[in-house]
2 protein chains.
Amino acid sequence: MGNTAQQIEHAIAGSGRRLTGPRRTLAEALLTLGDHFAAEELLQAAPGVGRATVFRTLRMLQESGLVCQVVMDDGRTVYRLGSEEHHHHVICSECGAVADIASMRLEKALGAIAVETGYEVDAHRLELYGRCPGCRVAAISST
Amino acid sequence: MGNTAQQIEHAIAGSGRRLTGPRRTLAEALLTLGDHFAAEELLQAAPGVGRATVFRTLRMLQESGLVCQVVMDDGRTVYRLGSEEHHHHVICSECGAVADIASMRLEKALGAIAVETGYEVDAHRLELYGRCPGCRVAAISST
DNA sequence: TCACCAGTTGAGACATTGGCTCAACTTCCG
DNA sequence: CGGAAGTTGAGCCAATGTCTCAACTGGTGA
């Protein structure tokens, strides 16, 4: 995703929110951080920004759909800069690579479940864990 | 799920594991704990059993399929005594009720995704959040 | 029955992830 | 430019879980 700091800053400064120094710093730090990152990494990549601000901003970005949260296999959570569209993740248990999933079929199955259970479902969390193609090849060739 | 303490104890004492006092205490405490519970609640329901043992045993029971872990809407995790069969959960954001889902359609969609991504998927985590029928009714009548 | 040893335990410190408070500060609007 | 309102960060708190390690114990072989 070719997000730029300006795009992120622009998204931040919506609905009565201010574009402050720390937020700018975070916007830039986000871009230096690779595909996914822990909150702690963002904290370190943004010198001078306090811990509370990092978490606050992360939450804000999640609400804006600019960042999504991924729960890893072992329970750790990482964040990911990404598109606003609804999607899920496949995570490699070996190298940690995260790939997006967008499956109409899956969404429909989820919809059907909502109906069957009688629940009014308004959110869900879905993560798949496995081994990415690269790590599969590596595992085979190292045998 | 009419689990009895004996059933749980039996399941614990498999593959070279010992049936110890603390484990018996935990097996009985589990039965007093309602549909789902936090680790902390189990700890309190099992007097004399140390924190480390509670978490160790919970992990053991998860590996045996006797207990499953549910990540709540807000990130808290609760545990649930349940069947070994693979299933997912719908969680009511209001009253916390947890219901099981077992959908062939969903499993198939997940399988298709695994193929599409090229990942060798071996596990996943899926939770749906919403409002249960009871809370929906309550919300309407309190209007 | 007994002794032994591998598996198990618990106290307590530590780690991780995140939230809260509140006085000081900064943005941005008028 | 001035001030209200949004924002910040230091530091402390909380929840959830892990680790260490000496002491203990279940179950087995004799």
Side-chain angles (χ1 to χ4, degrees), chain A residues 8-29 33 36-64 67-80 96 125 127, chain B residues 5-6 8-29 33 36-64 67-80 96 125 127:
Chain A
I8 300 174
E9 290 174 5
H10 184 262
I12 287 176
S15 51
R17 282 176 303 198
R18 292 182 184 167
L19 188 52
T20 64
R23 286 178 179 169
R24 275 178 220 264
T25 306
L26 286 171
E28 274 162 31
L33 277 183
H36 57 278
F37 52 90
E40 203 59 32
E41 292 177 289
L42 179 55
L43 176 58
Q44 275 163 22
V49 177
R51 170 182 301 275
T53 300
V54 168
F55 283 102
R56 273 189 296 239
T57 306
L58 273 175
R59 193 168 3 133
M60 192 181 87
L61 291 172
Q62 279 176 71
E63 277 155 18
S64 314
V67 155
C68 55
Q69 200 184 42
V70 182
V71 179
M72 304 294 274
D73 213 355
D74 57 8
R76 281 177 343 206
T77 69
V78 298
Y79 300 85
R80 197 154 193 265
R125 189 194 290 276
E127 263 96 40
Chain B
Q6 281 71 38
I8 300 173
E9 290 175 2
H10 185 262
I12 287 175
S15 50
R17 282 176 303 197
R18 291 185 187 166
L19 189 50
T20 64
R23 285 179 183 170
R24 275 179 220 264
T25 305
L26 287 171
E28 275 161 31
L33 279 182
H36 57 279
F37 52 89
E40 204 58 31
E41 292 175 291
L42 180 54
L43 177 57
Q44 275 162 22
V49 178
R51 169 182 299 276
T53 300
V54 168
F55 282 102
R56 274 189 294 238
T57 306
L58 273 176
R59 196 175 351 144
M60 194 180 84
L61 291 172
Q62 280 177 71
E63 277 157 17
S64 312
V67 156
C68 56
Q69 200 184 44
V70 182
V71 179
M72 305 293 275
D73 213 356
D74 57 8
R76 281 178 345 209
T77 69
V78 298
Y79 299 85
R80 197 153 194 265
R125 189 193 292 274
E127 263 97 38

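Sequence lines set the chain letters: A, B, ... in the order given, protein chains first and strands last, and positions in each chain run from 1.
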Assess whether side-chain contact (heavy atoms from CB on, under 4.5 Å) is satisfied between B:His36 and B:Val70, documenting all intermediate values. CA-CA 9 Å; B:His36 57 279; B:Val70 182; over 6 Å; no

How close or far is atom [atom2] of [N] from atom [atom1] of [X], stated in whole angstroms?
X	N	atom1	atom2	value
A:Phe37	C:dT16	CZ	P	18 Å
A:Glu9	C:dC28	CD	P	11 Å
B:Ile12	D:dG27	CD1	P	12 Å
B:Arg76	D:dA15	CZ	C1'	10 Å
A:Gln44	C:dT16	CD	P	11 Å
B:Phe55	D:dT18	CZ	C1'	9 Å
A:Leu43	D:dT8	CG	P	14 Å
B:Leu42	D:dG17	CG	P	11 Å

Do you know the tightest heavy-atom contact between [X] and [Y]?
X	Y	result
B:Ala5	B:Ala27	O-CB, 4.1 Å
B:Ile12	B:Arg18	CG2-O, 4.2 Å
A:Ala46	A:Leu26	CB-CD2, 3.6 Å
A:Tyr79	A:Ala38	CD1-C, 4.4 Å
B:Val71	B:Thr77	CG2-CG2, 4.2 Å

Please set out all donor-acceptor pairs under 3.5 angstrom arising from side-chain atoms of residues 50-63 of chain B, sequence neighbours excluded.
residue	atom	partner	partner atom	Å
B:Thr53	OG1	B:Arg56	NH2	3.3
B:Thr57	OG1	B:Thr53	O	2.7

Check whether any side-chain N or O of A:Arg80 sits under 3.5 Å from a backbone N or O of A:Cys68 as a donor-acceptor pair, and report yes or no. no

Please tell me which of the listed nucleotides, C:dT17, D:dT16, D:dT8, lies nearest to the side chain of A:Thr53? D:dT8

Regarding the side chain of B:Val49, the nearest nucleotide among C:dG10, C:dT17, C:dT8 is C:dG10

Are A:Met72 and A:Glu127 close enough, and set up right, to give a side-chain contact (heavy atoms from CB on, under 4.5 Å), and what steps lead you there? CA-CA 8 Å; A:Met72 304 294 274; A:Glu127 263 96 40; over 6 Å; no

Please tell me if [X] has a side-chain N or O lying less than 4.0 Å from either OP1 or OP2 of [N].
X	N	value
B:Tyr79	D:dT16	no
A:Arg23	D:dT8	yes
A:Gln69	C:dG18	yes

Taking side chain as C-beta onward, heavy atoms only, is B:Glu9 less than 4.5 Å from B:Arg24? yes

Just call it for A:Gly75: base, sugar-phosphate, or nothing, with non-hydrogen atoms closer than 4.0 Å on any strand. nothing

Work out how much the helix from C:dT1-D:dA30 to C:dG30-D:dC1 bends between its end axes, five pairs an end, to the nearest 10 degrees. 30°

Reading nucleotides 19-26 of chain D from 5' to 3' and marking B where a protein heavy atom lies under 4.0 Å of the base, S where only the sugar-phosphate is that close, and - otherwise, the string is B-----BB

Given DNA chain D, 5'-ward residue of the pair B:Arg24 and B:Ala38, judged by closest heavy atom: B:Ala38

